Asks: 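Dropping a structure here in structure tokens format, bear with me for questions.
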Amino acid sequence: PPPSPSPPPPSPSPPSTITTLGDPILKQGDGTETRFVMEPGKFKRVLEQHPFNVSYSVGNPLVEHGGDWVLQVKVNINVAGAKPHTLVVKVVDPAALLPAVPVRAMPTPGMPLTTMHVEVDGKPLTAGLHTFPPVDLKVAAVGRKRSIGNGFVERVDIASSDFHMAILSAKARKFANQDVQVKCLHLDVEFLKMDRAAVRGPIPEMLGLAPLSEITRKMLSSPA
């Protein structure tokens with residue numbers, strides 16, 4: 001008998017981690033980068049997957065160097081039948097991180113962070129694990145050797161069964177001067193897990209997961 005036809009090759013798996021970093025760039029796991037622009041000082045929705053609505057606010061810490069960094073991330077969480085929550089993560093005043101020595105104590109559970117402010121519904125969160133059903137939040141310093149000035153690289157993980165994102169404090173490594181790196185303190189965001197069939201907004205559109213809207217087209221245009 002003739003051989004059985006070979007099954008079709010499996011569809012390639014999309015890159016596992018999607019990151020927004022710098023001022024700002026969308027970077028996929030395969031190294032593809034997409035520069036986008038936003039109006040400074042205003043929260044703008046960038047990604048939505050029920051019950052999460054993620055917004056960024058950008059700013060320009062050093063006007064003479066150009067570029068806009070993500071300085072605040074807001075995540076609205078609206079679960080039917082449950083109290084809605086609003087998570088806001090923002091960088092501290094970079095001046096508080098200079099001079100770089102002496103280094104402060106690395107945050108442990110129950111301690112305030114050094115490079116970012118984290119609050120839910122207007123109440124500050126310390127390092128540690130926090131639960132706002134059905135969402136778990138983990139707030140922590142990344143490690144003793146990961147410093148930003150006299151503070152530390154810190155991370156907020158927001159996770160549910162089908163969604164996981166991490167917000168990290170970061171310095172601007174593109175500058176040679178270490179003080180300038182610290183003065184451009186900003187937030188990088190990693191999207192580690194999402195429902196690619198359900199996610200909406202500019203970032204999914206840039207990834208080709210949804211049709212490109214006019215709003216997103218404008219974000220991809222260079223400012224005049």
Side-chain angles (χ1 to χ4, degrees), residues 19-26 36-48 52-63 65 67-78 84-98 100 104 106-107 109-130 132 135-142 146-159 163-173 175 179-192 201-203 219:
T19 307
T20 57
L21 69 164
D23 54 342
I25 292 170
L26 174 65
F36 61 96
V37 296
M38 296 174 60
E39 184 179 356
K42 294 182 178 180
F43 277 109
K44 183 176 180 64
R45 181 186 74 124
V46 293
L47 183 145
E48 186 172 354
F52 305 96
N53 192 324
V54 182
S55 302
Y56 291 172
S57 175
V58 304
N60 199 333
L62 294 177
V63 174
H65 288 283
D68 293 308
W69 284 263
V70 177
L71 302 182
Q72 297 188 66
V73 177
K74 179 168 67 175
V75 183
N76 289 314
I77 306 166
N78 289 288
H85 296 291
T86 299
L87 166 74
V88 177
V89 180
K90 60 183 178 180
V91 297
V92 302
D93 181 352
L97 301 174
L98 295 170
R104 285 182 267 178
M106 188 179 78
M111 291 178 62
L113 301 181
T114 60
T115 55
M116 57 167 63
H117 295 295
V118 183
E119 60 182 45
V120 172
D121 304 331
K123 297 179 181 179
L125 295 187
T126 58
L129 296 172
H130 308 270
F132 299 88
V135 180
D136 292 322
L137 299 179
K138 181 180 180 182
V139 182
V142 171
R146 300 280 302 277
S147 62
I148 302 177
N150 59 45
F152 296 88
V153 174
E154 290 157 344
R155 173 178 176 134
V156 179
D157 283 86
I158 304 108
F163 184 82
H164 182 189
M165 66 180 286
I167 305 166
L168 298 97
S169 54
K171 54 188 175 184
R173 295 182 177 275
F175 298 119
D179 283 1
V180 175
Q181 290 182 4
V182 173
K183 289 176 181 177
C184 288
L185 176 70
H186 62 278
L187 300 172
D188 290 345
V189 181
E190 297 178 353
F191 294 97
L192 301 159
I203 287 177
M219 292 173 68

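Both backbone and side-chain heavy atoms feed into the values below; hydrogens, waters and symmetry mates do not. All values derive from a computational prediction rather than experimental measurement. Residues: numbered from 1 along the sequence shown.
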Asks: Could you walk me through whether Val120 and Phe132 pass the side chain to side chain contact (heavy atoms under 4.5 Å, CB included) test, one step at a time?
Replies: CA-CA 9 Å; Val120 172; Phe132 299 88; 3.7 Å; yes

Asks: How would you list, by chain and number, every residue that makes a salt bridge (charged side-chain N to carboxylate O under 4.0 Å, His left out) with Arg173, sequence neighbours excluded?
Replies: none

Asks: Are the side chain of Thr115 and the backbone of Phe152 linked by a donor-acceptor contact shorter than 3.5 Å?
Replies: yes

Asks: In Å, rounded to the nearest 0.5 Å, how long is the span from CG of Leu129 to CG of Leu137?
Replies: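 Output value for this atom pair is 9.5 Å.
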
Asks: Taking the side chain as every heavy atom from C-beta outward, state whether Leu187 and Val91 have any atom pair closer than 4.5 Å.
Replies: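 Counting from C-beta outward, Leu187 and Val91 do come under 4.5 Å.
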
Asks: Hey, does Val70 have a side-chain heavy atom less than 4.5 Å from the side chain of Met38?
Replies: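 Met38 does not reach Val70 side chain to side chain.
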
Asks: Hey, what do you get for SG (Cys184) to CG (Asn60), rounding to the nearest 0.5 Å?
Replies: 7.5 Å

Asks: Show the nearest heavy-atom pair for residues Val182 and Gly149, with the distance to one decimal.
Replies: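 Taking Val182 first and Gly149 second, the nearest heavy atoms are CG2-N, 3.6 Å.
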
Asks: Return yes if some donor-acceptor pair links the side-chain N/O of Glu154 with the main-chain N/O of Thr114 below 3.5 Å, else return no.
Replies: yes

Asks: Going by heavy atoms in the side chains, are Phe36 and Thr20 under 4.5 Å from each other?
Replies: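 Yes, close enough: below the 4.5 Å cut-off.
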
Asks: CD1 of Ile148 to NZ of Lys171: how many Å apart, nearest 0.5 Å?
Replies: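 Between Ile148 CD1 and Lys171 NZ, I get 7.0 Å after rounding to 0.5 Å.
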
Asks: Hey, could you give me the CZ/CG distance between Phe52 and Leu47, rounded to the nearest 0.5 Å?
Replies: 10.5 Å

Asks: Distance from His186 atom NE2 to Asp23 atom CG, nearest 0.5 Å?
Replies: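 Rounded to the nearest 0.5 Å, the NE2-CG separation comes to 8.0 Å.
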
Asks: Considering residues at least two apart in sequence or located in another chain, which fulfil the salt bridge (charged side-chain N to carboxylate O under 4.0 Å, His left out) criterion with Glu119?
Replies: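 For Glu119, no residue satisfies salt bridge (charged side-chain N to carboxylate O under 4.0 Å, His left out) once neighbours in sequence are set aside.
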
Asks: Is the shortest side-chain N to carboxylate O distance from Asp157 to Arg155 below 4.0 Å?
Replies: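 So Asp157 pairs with Arg155 through a salt bridge.
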
Asks: With heavy-atom distances below 4.5 Å as the criterion, would you say the side chains of Thr126 and Met111 are in contact?
Replies: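 No - every pair of side-chain heavy atoms lies 4.5 Å or more apart.
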
Asks: How far does CG of Leu185 sit from CE of Met116, to the nearest 0.5 angstrom?
Replies: 8.5 Å

Asks: Quick check against the 3.5 Å criterion: does Asn150 have a side-chain atom that pairs as donor or acceptor with the backbone of Ala96?
Replies: yes

Asks: For Gly59 and Leu71, which heavy atoms make the closest approach, and how far apart are they?
Replies: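 Shortest heavy-atom contact: CA-CD1, 3.6 Å.
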
Asks: What residues form a side-chain hydrogen bond (donor to acceptor under 3.5 Å, both in side chains) with Glu48, not counting sequence neighbours?
Replies: Arg45

Asks: Between Val92 and Leu113, does the side chain to side chain contact (heavy atoms under 4.5 Å, CB included) criterion hold? Intermediate values first, please.
Replies: CA-CA 9 Å; Val92 302; Leu113 301 181; over 6 Å; no

Asks: Any side-chain heavy atom of Met165 sitting closer than 4.5 Å to one from Val75?
Replies: yes

Asks: How far apart are the C-alpha atoms of Val118 and Leu87, what are their side-chain angles, what is the distance that settles it, and do they pass the side chain to side chain contact (heavy atoms under 4.5 Å, CB included) test?
Replies: CA-CA 7 Å; Val118 183; Leu87 166 74; 3.7 Å; yes

Asks: Quick check: do Tyr56 and Ile203 have side-chain heavy atoms less than 4.5 Å from each other?
Replies: yes

Asks: Taking the side chain from Gln181 and the backbone from Phe175, do they hold a donor-acceptor pair closer than 3.5 Å?
Replies: yes

Asks: Carefully, step by step, assess Val139 and His130 under the rule side chain to side chain contact (heavy atoms under 4.5 Å, CB included).
Replies: CA-CA 8 Å; Val139 182; His130 308 270; 4.1 Å; yes

